Amino acid sequence: MMNTVELTITSDKSSLYKVENYLDLLVDEFEVTRELFGKLSLATVEAVNNALLYGNRCDPNKKIRLSATKDQGNIVMTIEDEGVDFDFSNITDPTIPENINKTCGRGLYLMKKLSDDLQFEKNGARVIMAFSLNEQK
């Protein structure tokens, strides 16, 4: 049986505490392990920050929508903003020497590394991350 938990926030930094509360709710609702919670929460916070800063450009009139669905074997997080397109086709590795001092690009890299599957839709305005519930990977 699929179960979905949703949250909509305004693109205002003062709304970020709602994301933390939402993630805490998912722990109980989806029976998330501590290890998975660490991955899921860090990747989700990075995606929300990107939506807030780069997608919606901190415009409080624009919304960010979060949706978490648990199905057989996965938790799928979807974060959607109302922003303009961005080029998600080239996620750089911030750990290689030529990128070490760059101030951006770490969030996307973390999202890719922490999730089991990372996809973008709507020209980058929708981020979909899957996290496996199978601890045997």
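From a predicted model like this one, the values you see are computed outputs, not experimental measurements.
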- Heavy-atom nearest pair, Ala68 first then Met77, reads CB-SD, 3.4 Å

- Task: Show your working on side chain to side chain contact (heavy atoms under 4.5 Å, CB included) between Lys39 and Thr33 and close with a plain yes or no.
- Result: CA-CA 10 Å; Lys39 293 177 182 180; Thr33 65; over 6 Å; no

- Task: Apply side chain to side chain contact (heavy atoms under 4.5 Å, CB included) to Leu23 and Phe37, showing your working.
- Result: CA-CA 8 Å; Leu23 291 167; Phe37 177 72; 3.9 Å; yes

- Item | Single hit among Lys63, Lys62, Arg65 for salt bridge (Lys or Arg N to Asp or Glu O under 4.0 Å) with Glu82 | Arg65

- Message: For Gly124 versus Val127, what's the shortest heavy-atom pair and its separation?
- Response: O-CG2, 4.4 Å

- Donor-acceptor under 3.5 Å (Asp59 side chain, Asn61 main chain): yes

- To the nearest 0.5 Å, atom CG of Asn21 lies from atom CG of Leu16 at 11.5 Å

- Check against side chain to side chain contact (heavy atoms under 4.5 Å, CB included), Ile75 and Leu36: CA-CA 10 Å; Ile75 294 177; Leu36 180 58; 4.2 Å; yes

- Query: With respect to Met129, which candidate in Thr44, Thr78, Leu40, Asp116 satisfies the side-chain contact (heavy atoms from CB on, under 4.5 Å) definition?
  - Reply: Thr44

- Message: Could you see if Val76 belongs to whatever hydrophobic cluster contains Val32? Use Ile, Leu, Val, Met, Phe, Trp, Tyr and a side-chain cutoff under 4.5 Å.
- Response: no

- Message: Which residues pass the side chain to side chain donor-acceptor pair (under 3.5 Å) test with Glu80, not counting sequence neighbours?
- Response: Lys122, Arg126

- Message: If we ignore hydrogens and angles and just use 3.5 Å, is the side chain of Asn56 paired with the main-chain N or O of Leu52 as donor and acceptor?
- Response: no

- Message: Please find the pair of heavy atoms, one from Glu29 and one from Asn3, that lie closest to each other, and give the distance.
- Response: OE2-ND2, 2.7 Å

- Quick one: does Thr4's side chain get under 4.5 Å of Ser67's, heavy atoms only? yes

- Query: Between Phe30 and Lys70, which heavy-atom pair has the shortest distance, and what is it?
  - Reply: O-NZ, 3.0 Å

- Path from Val48 to Val27 over hydrophobic side-chain contacts below 4.5 Å: yes

- Message: Could you report the tightest heavy-atom contact between Ala51 and Ile79, atom names first, then the distance?
- Response: CB-CG2, 4.3 Å

- Message: Please report the interatomic distance CG(Asp24) to OG(Ser41), rounded to the nearest 0.5 Å.
- Response: 9.0 Å

- Note on the structure: Here the pair of heavy atoms bringing Phe120 nearest to Leu108 is CZ-CD2, 3.8 Å

- Message: Working note: Ser14 + Asp12, criterion side-chain hydrogen bond (donor to acceptor under 3.5 Å, both in side chains); need CA distance, chi angles, decisive distance, verdict.
- Response: CA-CA 5 Å; Ser14 67; Asp12 184 317; 2.9 Å; yes

- Task: Let me see the working for Leu114 and Glu46 under side chain to side chain contact (heavy atoms under 4.5 Å, CB included), right down to the final yes or no.
- Result: CA-CA 11 Å; Leu114 294 171; Glu46 288 295 339; over 6 Å; no

- Message: Hydrophobic clustering (ILVMFWY, side-chain heavy atoms < 4.5 Å, transitive) - are Leu66 and Leu118 grouped together?
- Response: yes

- Query: Is a side-chain N or O of Tyr22 found less than 3.5 angstrom from the main chain of Val5, in a donor-acceptor match?
  - Reply: yes

